[in-house]
Amino acid sequence: MATARPLDEAGVAGVVRRAAERGHTVRPVGSGHSFSDLAVTDGVHLDASAFSGITAVSAGGPGRSRAAVRVRGGTTIGELQEALAERGLALAVPLDLREPTVGGALAVGAHGSAAGHGSLSDQVLGMRLVDGRGEVRDVPRADLDAARTALGALGVVLDVELAAVPAVPVRVTRSSRPLEEVLDPAFWDGHDLAEAALFPSSPTALARWAQYGDPAEPTDESDAEEDADPREARERTVGITSAGATGRTALGGAVVVERALPRLAPSLNRVVSRLARTVSATGAGHRVLSDPPAVRYEQTEWALPREALADGLRALLTGLADGLETGLPVRMRVGPSESGWLHPAHGRATGWIAVRVPRGLDPGPVLDRASQVLRDHGGRPHWGTRHDFAAADVAVAYPHLPDFLRVRDAYDPDRVFTNPALARVLGD
C-alpha cells in the first residue's frame with residue numbers, strides 16, 4: 001500500500017491516472033474517523049488534506065435564506081464551521097464532530113439531528129471530482145443524487161458547493177427526561193434540534209434539544225437550574241453535551257469500572273443518568289453542540305423509518321438489557337427524507353439509533369444484537385459505522401441502486417476506486 005498527498009488538482013488527476021494505468025486501486029482517505037472499512041485498500045491511499053478551505057461565497061438574503069459556499073473536499077468539518085462563522089454563516093444543521101473531512105462526511109452520509117433539515121449531503125448544490133480515468137469533472141445536476149453520498153465510488157472529491165444559512169445563536173438545553181417523553185414524536189417535532197441518549201437499565205434519558213434564536217441575542221452564556229450550585233454551573237459552561245461536563249467525566253469513569261466488573265454496568269449507568277441536571281447555553285451552534293467522546297469506542301448506527309423509531313428503540317433496549325448493556329448510552333437522533341440515492345435516509349423520514357461499545361471490550365455480541373434488532377425494524381446502516389449489509393440487502397433497501405450503478409459505470413468503468421468493502425455492498 002502507498003500513500004499519495006498531491007498538492008493540487010493536477011496532482012490528484014496524475015495519481016489516479018498512473019494507478020489506473022498500472023492496474024492499481026485508489027481510495028480517498030479522510031480523517032480516519034469512520035468505523036467502517038470503506039477506506040481500506042492494498043492499493044493507493046489518496047490523502048487530500050492539502051485541499052482545504054472555503055474558496056467562494058455567494059451571500060444569501062435576510063433571515064434564514066440560503067447562501068452558497070464553495071469548500072475543498074479535504075477541509076475538516078471543524079474548519080468548515082469555524083470558517084463559516086467568521087463570515088456570519090452556518091450549516092442548516094450543525095455537526096458535532098470536528099475531525100471528519102467534507103469529502104469523507106459526504107461519502108458516508110454524516111448527519112445531525114433535526115426533523116426539518118437534512119444532512120450535509122442534502123446541502124450539496126454542486127461538486128467537482130476526479131473520476132476513474134483521472135479526469136476532472138463537474139458533476140451535472142442529473143448525477144448529483146448519486147454523488148451526494150457515493151461511498152467514494154465515483155471519484156476523489158475536489159470541492160463542493162454547499163448551502164449555508166445566516167448564523168444565529170442556538171439555545172441548547174440538556175436535561176434528564178422520562179423515557180416515554182423522548183419516545184413521543186412531540187419531543188422531536190417540537191424543537192429545531194433534538195437528540196437523546198439512553199441506557200437499557202434506566203427509566204430516564206439524557207435529552208438535549210435546541211432552538212434557533214434571534215441574531216441580536218448574546219451568545220456564549222450558560223445557566224443551570226435555579227437550585228444548582230454556582231460552581232457546578234461554571235463547570236457546565238464549557239461544552240453542553242449529551243452527558244455534560246460532569247456527566248462525561250462520570251461516564252468515562254463508569255466505563256473504566258465496567259471493563260473490570262461488567263456486572264456493575266446497569267447500576268453505574270443509572271447513576272450517570274441521574275447526574276444530568278437541567279443546563280442551558282446559547283452560542284454558535286457548532287460550539288455549544290460540540291460533543292467530544294468520553295472514551296474511544298466501536299459503533300454501529302442504523303437509520304430506521306421514523307414511524308418505527310420508538311418500537312425499534314424499545315426492542316433494542318430490551319435486547320441489550322439481557323447482559324449486553326455497556327457503559328455508553330444508545331444515541332437516538334432524527335432527520336427528514338433525503339434525495340441522495342445511497343443516503344441511509346433516502347426516501348423516508350428517519351430515526352437514527354447508534355450503539356457504542358468502549359474500546360477494550362469485545363464489541364461483537366453487542367453490535368451483532370443491535371444490528372439484528374434494527375434490521376428487523378427496517379433499518380439501513382450508516383455507511384461510516386460497523387454493519388453487515390451485503391449487496392443483496394442494498395438492492396432491496398435502495399430502490400435507486402440501479403441508477404447509482406449506471407452513474408458509477410460512467411465515472412469509474414474500470415473500478416479504480418473499488419475495495420473489498422465496496423465490492424461487498426455494491427456487488428462487484
Side-chain angles (χ1 to χ4, degrees), residues 4-30 38-39 41 43-58 68-75 80 101-110 120-163 338-343 346 383 400-419 422 426 428:
R5 296 182 178 87
L7 301 179
D8 53 26
E9 288 186 4
V12 174
V15 168
V16 175
R17 196 177 302 119
R18 286 190 296 272
E21 291 169 353
R22 297 167 184 172
H24 297 165
T25 57
V26 176
R27 289 302 292 163
V29 60
L38 273 174
T41 182
V44 178
H45 264 144
L46 196 148
D47 180 347
S49 58
F51 296 92
S52 64
I54 289 176
T55 60
V57 177
S58 62
V69 177
R70 199 84 189 185
V71 58
R72 294 187 177 103
T75 310
L80 169 62
T101 62
V102 169
L106 292 174
V108 299
L120 188 68
S121 296
D122 195 49
Q123 310 309 312
V124 172
L125 303 174
M127 185 182 295
R128 185 170 58 186
L129 52 75
V130 173
D131 68 15
R133 294 188 175 94
E135 297 177 358
V136 176
R137 314 175 57 143
D138 289 309
V139 178
R141 183 174 297 276
D143 296 342
L144 209 52
D145 282 336
R148 293 179 193 280
T149 303
L151 314 185
L154 302 185
V156 181
V157 175
L158 296 172
D159 56 67
V160 182
E161 187 177 26
L162 295 171
E338 301 261 351
S339 66
W341 291 338
L342 290 190
H343 196 284
H346 173 77
W383 297 119
H400 281 284
L401 177 62
D403 298 310
F404 180 86
L405 295 178
R406 171 183 50 78
V407 174
R408 188 189 186 198
D409 286 340
Y411 281 66
D412 186 21
D414 299 320
R415 301 299 187 257
V416 173
F417 298 114
T418 195
N419 73 346
L422 278 182
L426 296 181
D428 62 7

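- Within the 4.5 Å cutoff, the side chain of Arg72 has heavy atoms near those of the Thr55 side chain.
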**Study point:** Residue pair Val156, Leu129: steps toward the side chain to side chain contact (heavy atoms under 4.5 Å, CB included) verdict
**Key:** CA-CA 5 Å; Val156 181; Leu129 52 75; 5.8 Å; no
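- For the pair Leu422/Arg27, a side-chain contact is recorded, criterion being any heavy-atom separation below 4.5 Å from C-beta on.
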Exercise for review: Decide side chain to side chain contact (heavy atoms under 4.5 Å, CB included) for Glu9 and Asp159; before the verdict, give the C-alpha distance in whole Å, the side-chain angles of both, and the deciding distance to 0.1 Å.
Suggested key: CA-CA 10 Å; Glu9 288 186 4; Asp159 56 67; 4.2 Å; yes
Point to revise | Criterion side chain to side chain contact (heavy atoms under 4.5 Å, CB included) on Val416 and Asp131, from CA distance to verdict | key: CA-CA 9 Å; Val416 173; Asp131 68 15; over 6 Å; no
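- Between Arg408 and Asp403 no salt bridge is recorded (no basic side-chain N to carboxylate O distance below 4.0 Å).
- Remark: Leu158 CG to Arg70 CZ distance equals 9.5 Å, nearest 0.5 Å.
- Considering only residues two or more places apart in sequence or on other chains, Asp122 meets the side-chain hydrogen bond (donor to acceptor under 3.5 Å, both in side chains) condition with none of them.
- The shortest non-hydrogen separation linking Val102 to Leu120 is O-CD2, 4.4 Å.
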Check your understanding: Step by step, would you call Phe51 with Val157 a side chain to side chain contact (heavy atoms under 4.5 Å, CB included)?
Key -> CA-CA 10 Å; Phe51 296 92; Val157 175; over 6 Å; no
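- Open room surrounds CZ on Arg133; 12 or fewer heavy atoms of other groups in view lie less than 6.0 Å from it.
- Across His343, Glu338, His346, a single residue satisfies side-chain contact (heavy atoms from CB on, under 4.5 Å) together with Thr149, and that is His343.
- Arg137 and Asp143 are not joined by a salt bridge, as no carboxylate oxygen comes within less than 4.0 angstrom of a charged side-chain nitrogen.
- Electrostatic pairing of Asp145 and Arg148 counts as a salt bridge here, judged by a charged N lying under 4.0 Å from a carboxylate O.
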